[in-house]
Peer 1: 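Have a look at this one.
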Amino acid sequence: MNYWLVKSEPFKYSWDQLEKDKQTFWDGVRNYQARNNLKAMQQGDLVLFYHSNEGLEVVGIAQVVKEHYQDPTTEDARWVVVDLAPYKKLKKSVTLEQIKADDRLQQIALVRQGRLSVMPLQKEEFDVILELSAG
DNA sequence: GCCAACGTTGGC
DNA sequence: GCCAACGTTGGC
């Protein structure tokens, strides 16, 4: 089991929208590093859902329900999507501020490489974020 | 809305 | 294959 974090601008695709849709394909990734991370996702992996631009917080946990396949929104064979479904909404969102303030989370790409939109997390890091959401 | 960070493109 | 120019992302 692997752990991930994905970013989405809430006015483009929000957590609420995901809950409403029950399932979505995660499209729009046009960055090789992010794409490689998508390809490494396995069914059942848990994915933290982060709102960028507005909110700036982790709002929920999604789950990979289908592994990567050709991005249906483009003919370009370089790009892939995965299917995500809502797994659990966080009781309390975890803000970027909290994440930046936690010594145990200084290595994650959210802090170190702001522009990456799909990133891997260590289990420990995933757990720390859940711990923060518990308050 | 600005700007820093960083990825991509294209000329040489 | 280097590097400058350019575009995009995302925090502030």
Side-chain angles (χ1 to χ4, degrees):
Chain A
M1 161 94 69
N2 293 304
Y3 299 90
W4 311 91
L5 184 149
V6 297
K7 290 181 186 173
S8 183
E9 302 181 32
F11 62 86
K12 213 172 132 202
Y13 197 89
S14 67
W15 172 260
D16 287 346
Q17 188 64 42
L18 178 63
E19 281 194 338
K20 216 169 104 188
D21 292 346
K22 309 287 188 212
Q23 183 170 333
T24 190
F25 56 85
W26 201 254
D27 68 329
V29 170
R30 294 292 181 272
N31 168 288
Y32 291 110
Q33 211 179 335
R35 190 277 315 264
N36 291 342
N37 290 332
L38 282 185
K39 283 191 169 182
M41 286 186 187
Q42 295 177 315
Q43 195 169 332
D45 284 356
L46 295 179
V47 182
L48 292 177
F49 195 107
Y50 174 82
H51 279 171
S52 63
N53 267 309
E54 282 173 36
L56 306 185
E57 56 193 11
V58 177
V59 290
I61 308 168
Q63 186 165 35
V64 178
V65 292
K66 188 173 177 194
E67 291 175 19
H68 72 91
Y69 55 97
Q70 166 70 34
D71 186 337
T73 66
T74 177
E75 296 292 308
D76 194 328
R78 290 178 297 173
W79 308 118
V80 300
V81 299
V82 296
D83 284 358
L84 295 181
Y87 177 74
K88 201 168 144 192
K89 184 171 179 161
L90 294 184
K91 280 204 185 86
K92 223 169 69 160
S93 297
V94 178
T95 64
L96 181 61
E97 205 179 347
Q98 284 176 280
I99 289 169
K100 282 188 166 172
D102 197 301
D103 287 344
R104 295 166 296 179
L105 298 174
Q106 295 310 300
Q107 299 306 313
I108 68 175
L110 193 65
V111 174
R112 296 174 66 96
Q113 197 182 344
R115 295 185 53 204
L116 187 62
S117 62
V118 181
M119 67 196 75
L121 292 178
Q122 301 298 316
K123 182 176 192 309
E124 293 74 25
E125 295 161 346
F126 181 87
D127 287 343
V128 167
I129 291 172
L130 292 197
E131 184 188 313
L132 292 174
S133 85

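Here is how names work: the chains are called A, B, and so on, in the same order as the sequence lines, proteins then strands, and each is numbered from 1.
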Peer 1: Can you tell me how the ring of A:Phe126 sits relative to the ring of A:Tyr3, calling it parallel under 30°, perpendicular over 60° and tilted otherwise?
Peer 2: tilted

Peer 1: Please figure out whether A:Arg78 or A:Arg112 has its closest DNA chain B nucleotide nearer the 5' end.
Peer 2: A:Arg112

Peer 1: With the sugar-phosphate defined as primed atoms, P, OP1 and OP2, and the base as all remaining atoms, what B/S/- string results for nucleotides 2-10 of chain C, 5' to 3', for protein heavy atoms under 4.0 Å?
Peer 2: -----BBBB

Peer 1: Closest approach of A:Glu125 and A:Leu105, non-hydrogen atoms and distance?
Peer 2: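 For A:Glu125 versus A:Leu105, the nearest heavy atoms are O-CD2, 3.7 Å.
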
Peer 1: Would A:Gln107 and A:Gln122 count as having a side-chain donor-acceptor pair, cut-off 3.5 Å?
Peer 2: no

Peer 1: Go through the structure and list residues passing side-chain hydrogen bond (donor to acceptor under 3.5 Å, both in side chains) with A:Asp127, not counting sequence neighbours.
Peer 2: A:Lys123

Peer 1: Angle between ring planes, A:Trp26 versus A:Tyr13, binned at 30° and 60°: parallel, tilted or perpendicular?
Peer 2: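 Geometry flag for A:Tyr13 against A:Trp26: perpendicular rings.
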
